[in-house]
2 protein chains.
Amino acid sequence: MLTTNRLVGRLNVMINRKEQILETAAELLQSRSFSSFSYKDIMDRIGIAKPTIHHHFSTKADLGLALIDHYIETTKVALEGINQKHRKPWDRIEGYFNWMSGIMLSGNKICPTGILQAEYNVIPEKMRKSLSFRTQFIQTWLATVLADGKAEGTMEFPGKPEDHALLIHSAIQGALQQARAEGAKKFTTVIHQLRKGMEVKK
Amino acid sequence: MLTTNRLVGRLNVMINRKEQILETAAELLQSRSFSSFSYKDIMDRIGIAKPTIHHHFSTKADLGLALIDHYIETTKVALEGINQKHRKPWDRIEGYFNWMSGIMLSGNKICPTGILQAEYNVIPEKMRKSLSFRTQFIQTWLATVLADGKAEGTMEFPGKPEDHALLIHSAIQGALQQARAEGAKKFTTVIHQLRKGMEVKK
DNA sequence: GTCTATAACGTGATAGAC
DNA sequence: GTCTATCACGTTATAGAC
């Protein structure tokens with residue numbers, strides 16, 4: 001590890017280390033929870049000393065905040081990626097379902113929004129605002145897709161697009177939690193019901 | 001406190017104390033999370049010493065298990081109460097929605113299934129089985145109501161009753177979490193969408 | 001059943017050397 | 001940037017007196 005770091009040079013060490021900590025923390029957050037992972041867990045996983053983590057993220061609240069900002073970035077990349085790859089509303093929705101499905105399949109994980117909202121009263125106060133931003137970002141994206149689908153006549157659902165987007169997001173958040181406890185089938189069933197609930201009745 | 005306990009007699013003291021601890025723990029579980037509340041929190045809230053709690057629930061895993069069993073009991077009472085009060089499927093579903101709404105309104109709380117599933121990988125192993133039982137119990141009840149509604153022609157939804165029951169339960173679980181972070185409106189919106197999704201199209 | 005006292009350990013966080 | 005060493009505190013849990 002040390003040898004490798006020295007080989008890639010000083011700047012890369014810093015950047016990689018920080019991102020490595022962040023990735024590890026993200027993994028731990030989604031498989032355990034915010035208050036259930038510790039600096040020691042990170043330390044053990046990537047083989048560095050605890051003060052090294054404190055050097056990059058001086059408090060756990062700072063790490064938590066960076067974590068959410070990191071999620072915001074990957075969310076933007078993921079959703080804009082879907083928009084670029086697919087034009088049709090149905091394809092975009094399926095892209096979103098697939099993205100969520102990937103979270104579930106990548107080993108005992110759930111949606112970060114879910115875990116952080118479940119722990120809302122115990123996470124550091126400054127994490128809450130960023131969390132809210134990410135939640136809104138996803139729901140706004142979903143609402144846009146739904147509005148497009150309704151406009152072109154390929155999707156049908158009750159109420160306003162943003163209301164149905166909220167239903168979808170809530171259901172998937174709950175479904176990921178159910179799926180980890182009860183098996184992947186729970187997730188695919190919920191997706192199926194959501195899909196059926198938006199199909200156009202002839 | 002002590003005086004009162006002595007007045008009600010020895011047996012009552014034991015029973016009441018145990019239930020008092022359980023109620024307090026339930027409150028803490030739903031407002032914080034399982035790993036985020038401690039014996040000290042209970043101790044501070046009801047003014048007893050920590051070893052007293054250990055006397056009733058020797059380990060935290062035991063307390064957690066008793067907590068879920070307690071939830072199973074109150075769930076049975078609540079759902080059978082709804083069945084006795086209301087005959088029509090729509091009234092029963094609304095009774096369930098109201099019950100969940102009550103959780104949200106009683107101060108910053110969420111569904112215990114939600115919090116425990118969110119922490120699934122960190123809760124003691126013996127809690128998981130009971131948790132699963134309660135989840136299934138609720139979904140089976142919901143499926144029965146949905147099946148009745150479909151049979152009498154007042155409800156309409158895609159797929160099997162148990163599949164739609166899973167969607168409803170997942171959505172509400174997610175909605176309670178969203179509502180605590182983003183405001184009660186999120187919950188009522190999800191309920192509204194679920195309701196619309198089951199109405200009979202003329 | 002309840003208490004005081006304490007054990008044994010894990011936590012986030014800091015000081016200071018290299 | 002990373003380390004060793006250490007701090008102050010909170011955690012679950014137990015021993016033993018009343």
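Lettering of chains follows the sequences in order, A, B, ..., and the numbering in each one begins at 1.
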Exercise. Just checking, any donor-acceptor pair under 3.5 angstrom between side chains of B:Arg17 and B:Thr52?
Worked result: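 The criterion, which ignores hydrogens and geometry beyond distance, is not satisfied for B:Thr52 and B:Arg17.
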Exercise. Side-chain donor-acceptor pair under 3.5 Å between B:Gln173 and A:Gln177, yes or no?
Worked result: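 Judged by distance alone, the side chains do pair up.
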Round to the nearest Å and state the distance from [X] atom [atom1] to [N] atom [atom2].
X	N	atom1	atom2	answer
B:Asp41	D:dG10	CG	P	11 Å
B:Met43	C:dC3	CE	C1'	11 Å
A:Phe34	C:dG12	CZ	P	9 Å
B:Leu28	D:dT11	CG	P	11 Å
A:Ile42	D:dT2	CD1	P	14 Å
A:His55	C:dG12	NE2	P	19 Å

Exercise. Given side chains that start at C-beta, do those of A:Phe57 and A:Leu65 come closer than 4.5 Å, heavy atoms only?
Worked result: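 They are not in contact (no side-chain heavy atoms under 4.5 Å apart), so the answer is no.
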Exercise. Between A:His56 and D:dT2, does any side-chain N or O lie under 4.0 Å from OP1 or OP2?
Worked result: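 Indeed, a polar side-chain atom of A:His56 lies that close.
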Problem set entry | Contact letters for nucleotides 12-17 of chain D, in which S counts primed atoms plus P, OP1 and OP2 and B counts the base, heavy atoms under 4.0 Å | BBBB--
Exercise. Taking only residues at least two apart or on different chains, which pairs with a member in residues 87-101 of chain B satisfy salt bridge (Lys or Arg N to Asp or Glu O under 4.0 Å)?
Worked result: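 Output for this query lists B:Arg92-B:Asp148, B:Glu94-B:Arg195.
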Exercise. Does atom NZ of A:Lys150 have more than 12 heavy-atom neighbours, drawn from other residues, nucleotides or ligands, at distances under 6.0 Å?
Worked result: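 More than 12 heavy atoms, drawn from other residues, nucleotides or ligands, come within 6.0 Å of this atom.
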Exercise. Between atom CG of A:Leu176 and atom NZ of A:Lys109, what is the distance when rounded to the nearest 0.5 Å?
Worked result: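 Reported value, rounded in 0.5 Å steps: 11.5 Å.
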